[in-house]
Amino acid sequence: MLPTTDDASRHIRYLFDAELRYQDGMAPVVEGEERANLVGSGTGRVVGPRISGNLRWSNFEQVFADHRRLNVAWMIETDDGAEIRFDSQGFAVKPAGVGAWKVASAVRFAVSDSRYSRLEATPAIWEGEFDATTATALYRAYLPAGPRDDEW
């Protein structure tokens with residue numbers, strides 16, 4: 001994944017890295033009635049200084065000639081027993097030649113566990129890439145920096 005620079009770290013805080021894998025035939029994490037077309041679902045893992053766990057996700061897309069509009073719904077089961085749901089809206093841009101798609105999205109979390117309530121205070125962002133040849137994606141998530149960072 002990409003390194004965090006000093007300048008960027010003043011405005012955002014690293015949250016976790018995620019690795020996602022498509023799973024053929026997996027049921028969607030959420031119903032898609034208000035979303036785009038279901039492309040697929042899968043599993044993965046998130047690992048970070050404050051959040052680690054397994055995840056399930058579903059990807060809904062609108063397809064355009066030069067990009068995809070994404071709506072990915074996720075559910076993380078943390079290693080300490082919490083459930084974190086989130087919804088992301090973003091874009092994927094196909095590489096000019098051979099290579100991975102570049103992806104970036106805004107993320108909104110929903111939690112019921114007070115240990116993770118900080119996640120609901122502001123939208124987060126994630127960026128990364130999707131490799132169509134292996135059907136895997138690698139992402140890094142960030143939260144905007146704030147005055148309560150030392151409490152989190």
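Residues Val46 and Leu15 form no side-chain contact, since every pair of their non-hydrogen atoms from C-beta on lies 4.5 Å or further apart. Two residues are said to be in side-chain contact when any heavy atoms from C-beta on lie closer than 4.5 Å; Ile76 and Phe86 meet this criterion. The side-chain heavy atoms of Lys94 and Arg68, taken from C-beta on, include no pair separated by under 4.5 Å. Counting heavy atoms from C-beta outward, Asp17 and Leu138 have side chains that stay 4.5 Å or more apart. Side-chain atoms of Phe91 and Arg69, non-hydrogen and from C-beta on, do get closer than 4.5 Å to each other.
Nearest heavy atom pair, residue Ser41 against residue Leu38, reads OG-CD1, 4.2 Å. Arg45 approaches Ser52 most closely through the heavy-atom pair NH2-CB, 4.1 Å. Considering every non-hydrogen atom in both Asp79 and Gly53, the closest pair reads OD1-CA, 3.4 Å. Between Ala27 and Ser58, the closest heavy-atom pair is O-OG, 4.4 Å. The shortest heavy-atom contact between Val29 and Trp74 is CG1-C, 4.4 Å. Minimum heavy-atom separation, Thr136 to Arg21: CG2-CG, 3.8 Å.
Between the side chain of Trp57 and the main chain of Thr43, a donor-acceptor pair closer than 3.5 Å is present. Side chain of Asp87 to backbone of Phe109: no donor-acceptor contact under 3.5 angstrom is found. A distance-only check finds no donor-acceptor pair linking the side chain of Thr78 to the backbone of Ile51 [under 3.5 Å]. Remark: the backbone N or O of Val111 is paired with a side-chain donor or acceptor of Glu120 at under 3.5 angstrom.
How far CG of Asp113 is from CD1 of Ile84: 7.5 Å, rounded to the nearest 0.5 Å. In this structure, the separation between OH on Tyr139 and CD on Glu19 is 11.5 Å, given to the nearest 0.5 Å. We find the CE-CG distance between Met75 and Asn54 to be 9.5 Å, quoted to the nearest 0.5 Å. Separation of atoms OH (Tyr14) and OH (Tyr142) is listed at 8.5 Å; rounding is to 0.5 Å.
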| field | From CA spacing to verdict: ring-ring contact (aromatic ring centres under 6.0 Å, His included), Phe130, Tyr22 | value | CA-CA 11 Å; Phe130 168 69; Tyr22 274 92; 5.8 Å; yes
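By the rule that hydrophobic residues join a cluster once side-chain heavy atoms approach within less than 4.5 Å of another member, Val39 and Leu70 end up as members of one cluster.
Sparse packing is recorded around CZ of Arg108, with 12 or fewer heavy atoms of other residues, nucleotides or ligands lying under 6.0 Å away.
Ion pair Arg50/Asp80 not flagged as a salt bridge, since none of the NZ, NE, NH1 or NH2 atoms sits closer than 4.0 Å to an Asp/Glu carboxylate oxygen.
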